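All figures in this text were calculated on a predicted structure; none of them were measured in a lab. Numbering of residues begins at 1 and proceeds along the displayed sequence. Keep in mind that the numbers below use all heavy atoms, side chains included, and drop hydrogens, waters and symmetry copies.
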Amino acid sequence: MTTTVIISIFLAIFATSLQNARGATMEPCLESMKTASLPDLPYAYDALEPAISEEIMRLHHQKHHQTYVTQYNKALNSLRSAMADGDHSSVVKLQSLIKFNGGGHVNHAIFWKNLAPVHEGGGKPPHDPLSSAIDAHFASLEGLIQKMNAEGAAVQGSGWVWFGLDRELKRLVVETTANQDPLVTKGSHLVPLIGIDVWEHAYYPQYKNARAEYLKNIWTVINWKYASDVFEKHTRDLDIN
């Protein structure tokens with residue numbers, strides 16, 4: 001299942017539930033939707049060392065991400081049954097499970113692509129047009145990184161810090177989300193370019209409680225080529241400089 005399909009669920013699921021409550025048939029996309037699956041990493045578990053240890057990558061991917069996938073699929077199947085049965089109470093209760101676990105899957109699917117080994121371009125600065133847009137909105141790449149690090153360090157509890165494109169305002173933005181909320185939960189006009197996981201499971205085995213150190217080091221393996229490709233795809237019809 002693609003990230004785009006899962007994100008569409010977050011945007012449509014409450015509307016779908018209301019339609020079903022009024023006697024409408026189940027949304028076709030829910031009836032035909034395939035279950036989510038754990039994506040393979042595009043690099044070896046030890047490929048991001050020393051920034052991120054092999055131990056963390058194995059635990060993060062095989063245990064944490066897999067759990068989100070498993071629980072999301074379970075909740076989605078329960079939602080299908082509840083909607084088919086007209087069980088409105090269960091439909092409402094399942095929203096939070098789908099948002100949390102589906103969000104965990106969406107976010108991590110992006111996160112793995114946001115990283116790359118140094119020998120495959122990890123940490124290499126972005127090229128134009130993204131580079132120029134960063135300079136225009138944050139003065140420099142270092143200015144963006146400092147803002148991301150500050151916002152990420154300030155997240156209370158668990159969450160994510162995002163570098164994204166606001167297609168409505170035609171500008172680049174830094175946002176944070178709580179728990180496993182995807183960036184799209186703050187608006188469908190927001191496109192994630194880079195998302196950094198600041199849950200403790202993303203860094204604690206290696207960095208203990210030094211989240212700021214983790215945020216400092218992760219930039220050495222950030223895949224700016226991926227961010228640039230997404231940026232160019234979504235700005236072909238925009239002028240954001």
In this structure, would [X] and [Y] fall into the same cluster of hydrophobic residues linked by side-chain contacts under 4.5 Å?
X    : Y    : result
V191 : V174 : yes
Y204 : L215 : no
V69  : I98  : no
I196 : V173 : yes
L59  : V198 : no

So T35 and L76, side chain to side chain contact (heavy atoms under 4.5 Å, CB included) or not? Walk me through it. CA-CA 8 Å; T35 56; L76 192 61; 5.9 Å; no
Only one of L41, N223, V221 clears side chain to side chain contact (heavy atoms under 4.5 Å, CB included) with L115; which? V221
Any donor-acceptor pair under 3.5 Å linking the side-chain atoms of [Y] with those of [X]?
X    : Y    : value
Q180 : W160 : yes
W199 : N179 : no
Y43  : E120 : no
H60  : H65  : no
T177 : W162 : yes

Before you tell me yes or no, could you show the steps for R236 and E232 under salt bridge (charged side-chain N to carboxylate O under 4.0 Å, His left out), namely the whole-Å CA-CA distance, both residues' side-chain angles and the distance that decides it to 0.1 Å? CA-CA 6 Å; R236 288 172 185 152; E232 290 178 37; over 6 Å; no
Could you pull out all residues at least two apart from [X] that satisfy ring pair (Phe, Tyr, Trp, His ring centres under 6.0 Å)?
X    : value
H61  : Y45, W112
Y203 : Y214
H189 : none

Is the closest side-chain heavy-atom distance between [X] and [Y] below 4.5 Å?
X    : Y    : answer
Q62  : L38  : no
R167 : D237 : yes
T235 : L165 : yes
H105 : P39  : yes
S140 : I134 : no
D181 : K186 : no
Y72  : F100 : no
Q206 : E55  : no

Main-chain N/O of P129 paired with S132 side-chain donor or acceptor, under 3.5 Å: no
Using 4.0 Å as the upper bound for N to carboxylate O, is an ion pair formed by [Y] and [X]?
X    : Y    : value
K225 : D229 : yes
K93  : D87  : no
E151 : K147 : yes

Less than 6.0 angstrom separating the ring centers of H64 and H108, yes or no? no
Minimum heavy-atom distance between [X] and [Y], given as atom pair plus value:
X    : Y    : value
G159 : D197 : O-OD1, 3.8 Å
N73  : A36  : OD1-N, 2.7 Å
Y207 : A51  : OH-O, 2.6 Å
P182 : N107 : CA-OD1, 3.3 Å
I56  : H201 : CG2-O, 4.2 Å
A75  : L97  : CB-CB, 4.1 Å

Euclidean distance, [Y] [atom2] relative to [X] [atom1], rounded to 0.5 Å:
X    : Y    : atom1 : atom2 : value
D135 : L141 : CG    : CG    : 8.0 Å
K208 : E213 : NZ    : CD    : 14.0 Å
I218 : N149 : CD1   : CG    : 9.5 Å

Residues at least two apart in sequence or cross-chain that pass salt bridge (Lys or Arg N to Asp or Glu O under 4.0 Å) with R211, listed by chain then number, are none
What residues form a side chain to side chain contact (heavy atoms under 4.5 Å, CB included) with A227, not counting sequence neighbours? L130, L193, I194, W224
Please identify each residue that fulfils side chain to side chain contact (heavy atoms under 4.5 Å, CB included) with T70, with sequence neighbours left out. Q66
CA sep, side-chain torsions, deciding dist, call: Q95, L79, side chain to side chain contact (heavy atoms under 4.5 Å, CB included): CA-CA 9 Å; Q95 309 305 313; L79 178 64; 4.3 Å; yes
Let's go through F138 and F163 carefully: what are the C-alpha distance in whole Å and the side-chain angles of both, what is the deciding distance for side chain to side chain contact (heavy atoms under 4.5 Å, CB included) to 0.1 Å, and is it a yes or a no? CA-CA 11 Å; F138 299 99; F163 169 51; 3.9 Å; yes
Full working for side chain to side chain contact (heavy atoms under 4.5 Å, CB included) between I222 and K124: CA-CA 8 Å; I222 287 295; K124 185 177 180 180; over 6 Å; no
Just wondering, are more than 12 heavy atoms of other shown residues or ligands nearer than 6.0 Å to NZ in K74? no
